[in-house]
Structure formats: structure tokens, C-alpha cells
Amino acid sequence: MHQAKRAVGILGGTFDPIHFGHLRLALELYQAFDLEHIRLIPCFQPVHRKLPIASPEERLAMTKRAVATETAFKIDECEIKRKGPSYTIDTLLELRKKAPQAPFCILIGIDAFLGFTSWHRWQEILENAHLIVAHRPNYHLPQTGIVAKLIRDRLVEEATLIHQKTQGCIFLHPITSLEISATDIRKQIAMGKNARYLLPDNVYEYIKKRGTYSVSTL
Ligand code: ATP
């Protein structure tokens, strides 16, 4: 990463569990923007939602299984090692220290982007990284308000600029719409239904073996 000339993609998430929605988002944006690699960063403690059901170690183990054979993806354990609330800005500043000149881009689903301005120190995030917003047809961008202004001010059409600047641009890119959510997978498993084909087989096997989501705590 120290020498990275092409932008490094960062996909943070709870990954409780990781599923094909996350993996397609990462792979499609990796290819579309010719990224150096994607860093998948399971959080320790999410700050905008309920606590996860699976432990950080289990979520990390599932994430490792999911991408074991994909060389474009690297797992970054920094948030799990850091413990405490997982703020994206802290993670970015850690990465920035290691690679002061590298272009970074945060990959974010449009659902999460709509709440981006409530993220801790969000302005500083844009001082340290670009955002690539993965667009899905069922979601609409606002026409007014702070997110709309952010898009007006920072939206860039030319994808190659992601490698030339180190931070501050917003890119919008459509991805295959897979209406899969970890919440739904957890629910299905807790109800005794078969969740196969929503997530990688080796992740599903891991979940079944450990009984991770078998008892409904939703
Ligand atoms: P949960 O249902 O538990 O809230 P989730 O499935 O939404 O979880 P997260 O780990 O919270 O997954 O999401 C991490 C990132 O992946 C976010 O940026 C989110 O927008 C994106 N994402 C989640 N599901 C999808 C999907 N089906 N397609 C594209 N992006 C997704």
C-alpha cells in the first residue's frame, strides 16, 4: 500500500454476516475504477446501529472465508484490533499515516450514503478520501439538503481522476441490484429457513456449524 499509485478501495461494514451484496459491490467498483485493491474492514463496534449478533472474531472469520480466493481483496483487521466504537475517520487516519500520498476511496452503498453527513467528523473523511457511492435503482438521491449540496459540489464524472487526486471527490456508479441484507439473512436463519445462495457457501457452512444466528435475538 505504501507505494500505491492507483486508488485503494475501502469497504467497511458490520458484515454480520458478509453476503453477495457486499461482495458484488466491492468487485464491481474494483473493476469499474481499476482500483489497486479493496480493503474489507469489519468493524469492532458499529456506531449507527444495534450491536451485531456475531462476535468480532466470528465476523472476521466469515469475511476471511468469503474472500479467501479473491486476490483483489485484502482484509484489514485494524478496527477489530483498535476496539471501541469504529469510526471511519480513525481508520482513515491510521491508513493515511502508513501511506501519506495514496489516493483512498471509501466504497459506500447509496443507503448508507444518504446518512453520510451524520457520520462522526464526515468533513474530515472527505479531506482524506474520495467516496464511491454504489447506486441501486430503488434508491433516489435527494434534490435538496446537505447531501444534495455535497453531490453538487463534489460529484466528478471522470473515473480516472480517482487516481490523480488523493481525496475529496464523490463518484456515483451503478452496480447490480441485489436486494440482500444481513438482517434478512439473520432472520431467515433464525426462522429455520435455508439462506443458501444469498452468501458464499463456506460462510453459510460456518454459520450453520456454529449456530451463530440460530436463536432469534432480533
Ligand atoms: P444489516 O442488514 O445488518 O444492516 P447490511 O447487509 O446492510 O447489514 P452492512 O455491513 O451494514 O450490511 O453494510 C456495509 C456496506 O455495504 C454499506 O455501505 C451498505 O450500503 C453496503 N451494502 C449492504 N448490502 C448491500 C447490497 N445488497 N447491495 C449493495 N450494497 C450493500
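Ligands are counted one by one from 1 in listed order, and the atoms in each one are counted from 1 as well. On a predicted model such as this, the values are computed, not experimentally measured, just so you know.
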Judged by non-hydrogen atoms, does Ile108 sit under 4.0 Å from ligand 1? yes
Can you list the ligand 1 atoms lying under 4.0 Å from a non-hydrogen atom of [X]?
X: Gly13; result: 10 (O), 14 (C)
X: Leu25; result: 29 (C), 30 (N)
X: Arg186; result: 3 (O)
X: Arg49; result: 1 (P), 3 (O), 4 (O), 8 (O), 11 (O)

Using the rule that two of Ile, Leu, Val, Met, Phe, Trp, Tyr join whenever any of their side-chain heavy atoms come within less than 4.5 Å, decide whether Phe44 and Ile106 are in one cluster. no
Region of [X] that comes within reach of ligand 1 [heavy atoms, distance under 4.0 Å]:
X: Thr183; value: both
X: Arg24; value: neither
X: Glu179; value: neither

Protein contact of atom 24 (N) of ligand 1 - nearest heavy atom, named by residue and atom, plus distance: His19 CE1, 3.4 Å
[X] N/O to ligand 1 N/O under 3.5 Å:
X: Leu178; result: yes
X: Ile175; result: no
X: Gly12; result: no
X: Phe15; result: yes
X: Asp16; result: no

Test item: Ile108 and Trp119 side chains (from C-beta on) under 4.5 Å apart, heavy atoms: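 Answer yes - side chains close enough.
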Decide, yes or no, whether a salt bridge links Glu94 with Lys97 under the criterion of side-chain N to carboxylate O below 4.0 Å.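 Salt bridge between Glu94 and Lys97, a charged N being under 4.0 Å from a carboxylate O: no.
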Within the protein, is there a heavy atom lying under 4.0 Å from atom 7 (O) of ligand 1? no
Describe, in one word, how the ring planes of Tyr87 and His120 are oriented to each other, choosing from parallel (under 30°), tilted (30 to 60°) and perpendicular (over 60°).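 It falls in the tilted class, 30° to 60°.
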